[in-house]
Protein chains: 2
Amino acid sequence: MTQLDDVHTSSDAPKLGRRRDPAKDQQILDAAVEVLAETGFDGMTIDMVASRAGAGKATVYRRWTSKNELVLDAVACMKKGDLDSLAIPDTGTLRGDLVAMIRPPSIHDAERKLKVMAGLASMLSSAPELADAANEAIVEPRARINRMLLTRAIERGEIASDTDIQLISLISPSMVAYRSLILRKPVDREFLITIIDGVILPAVGLGQTAPARP
Amino acid sequence: MTQLDDVHTSSDAPKLGRRRDPAKDQQILDAAVEVLAETGFDGMTIDMVASRAGAGKATVYRRWTSKNELVLDAVACMKKGDLDSLAIPDTGTLRGDLVAMIRPPSIHDAERKLKVMAGLASMLSSAPELADAANEAIVEPRARINRMLLTRAIERGEIASDTDIQLISLISPSMVAYRSLILRKPVDREFLITIIDGVILPAVGLGQTAPARP
DNA sequence: CATATACGAAACTCAACAGTTCCGGATAGC
DNA sequence: GCTATCCGGAACTGTTGAGTTTCGTATATG
């Protein structure tokens, strides 16, 4: 947590007038994420964020000590409103689960996160805190779901118990990120299905059995 | 080509004195690539590049009109000194070829290119010229080799002729880039072998036959 | 040796941006 | 209504870096 409590603590406040609007915090963080995705860390200015949030620059600095702290909180805040809210499907087969994870909100969410990641890429090596926050908010949630689906497939005896879950769970994040960030091609349903059937399932030994399309 | 010819063309030159040193061009471009890999596009200053090349800022601007043009040429120049010089192995099997491509100069080259790519990532969406140059110099050479190895494997009947070469050739670049740029873990020989045996070979139908190690 | 040119270094201009301060207006508690 | 506090806006400071100019020096050509 990097937010300011301002100068006063609750103990010494005498009479009190207008209180700080907590909703504004979230508007500013959301605006920061937007700008971060559009322009990257270096292109982002506090004025952009403030005006997009309908706030003044001073209001931003009343709540965060620096641009770095704001970005850190903004990235961490992407963790919420996450895939956690979307229930993870259980269709009975690994392929069914993987395909069921392809949904418009999920895809859109992933694309925006990748844009933010691209905007932070050059800083990751020099700012470990930021790198950790980005990993926790952007990378890890998706990988965790994949690991869960694979573990479940092992438990139901669908795939071998010595499957390299760490490796397999990174196939789709890697190929999606590469296609989006570096090749700058759209990540659509067709591409994701191609990865599932052409790479992931063969890698876990489910390749030869061409599955029926749902 | 974005370099300057300076003001004069060869036709109107009268007497001529000291001539511009062509070797300096390359020193500046090399320095630019170094700084780009270390600090990214936004962190890179012309003074850094100049002093690392043992040159003055004015010398840089005598040869390139702007920072953008310099970076564009520096990225394009990475294409040379490339894998092209390394002969592409032909070991008789796809796995042998893929493993033979894992070599210190190749790995080191790839890591530096990925650092440059990370430093450019935030610009790619807003600077199409730069994105194209980066693709041509960093992404495409590696993918081209993979496509060649796969095509050869089809020709010798080792893998199916309807193999999705485009998709398979992107597996290792994607997973290497993700591991290096986003996870920031080392890309060592062990990891590359794991990708080959755990993902690529299964995807082309060579999974079950555990190959003898050379 | 004379001239034209390139060189590195340093001083310069100019614009953008991080961060601060001040202001008049709004609003919650008393 | 009084007061403490927050608000958005705008003016301000200080720094950084792109791009330019100047200058004393080095070196090819003739």
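Throughout, protein chains are lettered first and strands after them, A, B, ... in sequence-line order, and every chain is numbered starting at 1. Predicted model, so just to flag it, every value in this text is computed and none were measured.
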Original post:
Quick one: do B/Asp197 and B/Arg95 make a salt bridge, cutoff under 4.0 Å?
Top reply: yes
**OP:** Specify the separation, in whole Å, of atom NZ of A/Lys24 and atom C1' of D/dG8.
**Re:** 9 Å
Original post:
Rounded to the nearest 0.5 Å, how far does CZ of B/Arg152 lie from CD of B/Glu155?
Top reply: 9.0 Å
Original post:
Given atom CG of B/Leu70 and atom P of D/dG17, what is their separation to the nearest angstrom?
Top reply: 16 Å
**OP:** Assess whether atom CD of B/Gln26 is packed by more than 12 heavy atoms of other residues, nucleotides or ligands within 6.0 Å.
**Re:** yes
**OP:** State, to 0.1 Å, how close A/Asp42 and A/Lys67 come at their nearest heavy-atom pair, and which atoms those are.
**Re:** O-NZ, 4.1 Å
Original post:
Rounded to whole angstroms, how far apart are CG on B/Asp21 and C1' on C/dT5?
Top reply: 13 Å
Original post:
In whole Å, what is the span from the CD1 atom of A/Ile28 to the P atom of D/dC6?
Top reply: 14 Å
**OP:** Would you classify B/Lys57 as touching base, sugar-phosphate or nothing, given that sugar-phosphate means primed atoms plus P, OP1 and OP2, and contacts are heavy atoms under 4.0 Å?
**Re:** base
Subject >> Interatomic distance where NZ belongs to A/Lys67 and P belongs to D/dT16 [whole Å] >> reply: 15 Å
Original post:
In this structure, are over 12 heavy atoms from other groups packed under 6.0 Å from A/Arg184 atom CZ?
Top reply: yes
Original post:
Can you find an N or O donor on one side and an acceptor on the other, under 3.5 Å apart, linking the side chain of B/Arg18 with the base of D/dA28?
Top reply: no
Subject >> Atom pair distance, as rounded to whole Å: OH in A/Tyr61 and C1' in D/dG9 >> reply: 16 Å
Subject >> Single hit among B/Leu120, B/Asp132, B/Asn135 for side-chain contact (heavy atoms from CB on, under 4.5 Å) with B/Val75 >> reply: B/Leu120
Original post:
Hey, which of these two, B/Arg19 or A/Gly54, hits DNA chain D nearer its 5' end, going by closest nucleotide?
Top reply: A/Gly54
Original post:
Does any residue of residues 37-52 of chain A have a heavy atom under 4.0 Å from DNA chain C, and if so, which ones, in number order?
Top reply: A/Met44, A/Thr45, A/Ile46
Original post:
If you check every side-chain atom of A/Ala58, which of C/dT21, D/dG8, C/dT5 has the closest atom?
Top reply: C/dT21
